[in-house]
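Written out below as structure tokens is the structure these notes cover.
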Amino acid sequence: MIELTSVTKTFNQGRPNEFTAVRDVSLSIEGGKVSVLQGPSGSGKTTLLSLIGCMARPTAGRIRLSYAEQDQMPGGSGFPGGEVTSLPERFLTAIRRHTFGFIFQHFHLVKGVSALENVMLPAYPNGEPYGELKGRAGELLQLFGIAGKAQEKVDWLSGGEIQRVAIARALINDPAVIIADEPTAHLDTQLAEEFVEILAGLKHRGKTIVIASHDPLVYQAPVIDRVVRIRDGRVERQ
Ligand SMILES: Nc1ncnc2c1ncn2[C@@H]1O[C@H](COP(=O)(O)OP(=O)(O)OP(=O)(O)O)[C@@H](O)[C@H]1O
């Protein structure tokens with residue numbers, strides 16, 4: 001469903017500090033599967049994830065998205081599938097919002113705001129009636145067993161609760177693809193194992209999942225369909 005062809009990403013092009021973080025990567029991410037990008041620190045995993053998730057544009061190469069039938073025009077982005085590389089920013093923003101749910105390394109929840117509001121945030125631009133959105137956000141918190149914390153400010157939540165709020169937030173727009181960057185880096189073993197269980201549940205619901213991780217608890221888990229090894233910005237082994 002996501003196809004990268006000879007994708008390169010160079011930062012600070014033409015300047016003395018020019019740096020190519022991703023080099024000539026061709027990769028197909030299959031729908032409904034869990035793929036892990038594994039590699040040492042600085043190998044280009046986060047950069048590659050940001051390209052896959054349409055958060056950054058490649059310097060060279062092409063990225064194509066195609067949707068399974070049930071994900072056609074997901075959530076109303078209006079994009080029927082095709083090459084995204086040179087689409088104007090406003091289209092990319094819509095595709096990003098409706099196709100991808102992001103789980104960041106430090107989870108990036110908004111402090112001073114309740115768990116429920118944090119989950120609702122990525123859906124505000126869709127203009128859905130507040131009551132309906134609140135209901136959906138509440139259901140997601142319930143799914144992850146933290147409905148009781150819905151009104152708590154995230155500042156006071158435990159690590160595991162924060163993790164679950166972040167996962168619920170990634171799911172609020174019912175994206176076809178979940179992208180997670182080192183999701184277990186700040187979790188103890190038990191929470192990391194719980195994260196892997198949640199992954200299995202998401203895969204069961206038909207989500208496509210792409211994770212950057214160098215945590216063996218993640219990349220060696222039975223739920224993982226494919227490990228893509230990255231080194232020096234290139235695909236070393238699949
Ligand atoms: N915006 C940027 N400008 C310049 N260089 C960058 C930028 N973003 C990333 N880089 C460089 O690209 C390389 C790859 O970074 P990236 O974050 O993709 O690696 P990573 O494999 O995810 O690392 P980690 O596991 O430590 O998160 C690094 O050397 C980094 O310094």
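All ligand and atom numbering here is 1-based and tracks the order in the structure.
Of the protein's heavy atoms, Ser41 OG, 2.5 Å lies nearest to atom 26 (O) of ligand 1. For atom 13 (C) of ligand 1, the closest non-hydrogen atom of the protein is Phe19 CE2, 3.4 Å. In terms of protein heavy-atom proximity, atom 22 (O) of ligand 1 is nearest to Thr46 OG1, 2.6 Å. Protein heavy atom in closest approach to atom 6 (C) of ligand 1: Phe11 CD1, 3.3 Å. Ranking protein heavy atoms by distance to atom 19 (O) of ligand 1, first place goes to Gly44 N, 3.2 Å.
Contacts with ligand 1 closer than 4.0 Å are made by no heavy atom of Ala212, backbone or side chain. Only the side chain of Asn12 comes within 4.0 Å of ligand 1, counting heavy atoms alone; its backbone N, CA, C and O stay farther away.
Linking ILVMFWY side-chain heavy atoms closer than 4.5 Å, directly or via other members, places Val119 and Tyr124 in a single hydrophobic cluster. Hydrophobic clustering of Ile, Leu, Val, Met, Phe, Trp and Tyr side chains at less than 4.5 Å, counting indirect connections, keeps Phe107 apart from Trp156.
Between Lys45, Lys9, Arg15, Glu18, it is Lys45 that holds the heavy atom closest to atom 25 (O) of ligand 1.
For ligand 1, one of its N or O atoms has an N or O atom of Gly42 under 3.5 Å away. Geometrically, ligand 1 and Leu48 share no nitrogen or oxygen pair separated by less than 3.5 Å. By the 3.5 Å distance cut-off applied to N or O atoms, Thr47 is counted among the residues near ligand 1.
Distance check for atom 30 (C) of ligand 1: every protein heavy atom is found at 4.0 Å or beyond.
In this model, no donor atom of one side chain and acceptor atom of the other lie less than 3.5 Å apart for Thr8 and Asp24.
One finds the CD1 atom of Ile103 at 8.0 Å from the CD atom of Gln163 (value rounded to the nearest 0.5 Å). Of the inter-residue distances, the one linking Ile167 atom CD1 with Arg169 atom CZ reads 11.0 Å to the nearest 0.5 angstrom. Separating the CG atom in Asn118 from the CD1 atom in Ile172 is a distance of 11.5 Å, to the nearest 0.5 Å. Note that NZ of Lys203 and CG of Asp225 are 3.5 Å apart. Values are rounded to the nearest 0.5 Å. Separating the OG1 atom in Thr10 from the CZ atom in Arg15 is a distance of 12.5 Å, to the nearest 0.5 Å.
For Glu194 and Arg164, the salt-bridge test passes: some basic side-chain N is under 4.0 Å from an acidic carboxylate O.
When each atom of ligand 1 is checked for a heavy atom of Pro40 under 4.0 Å away, the hits are 21 (O).
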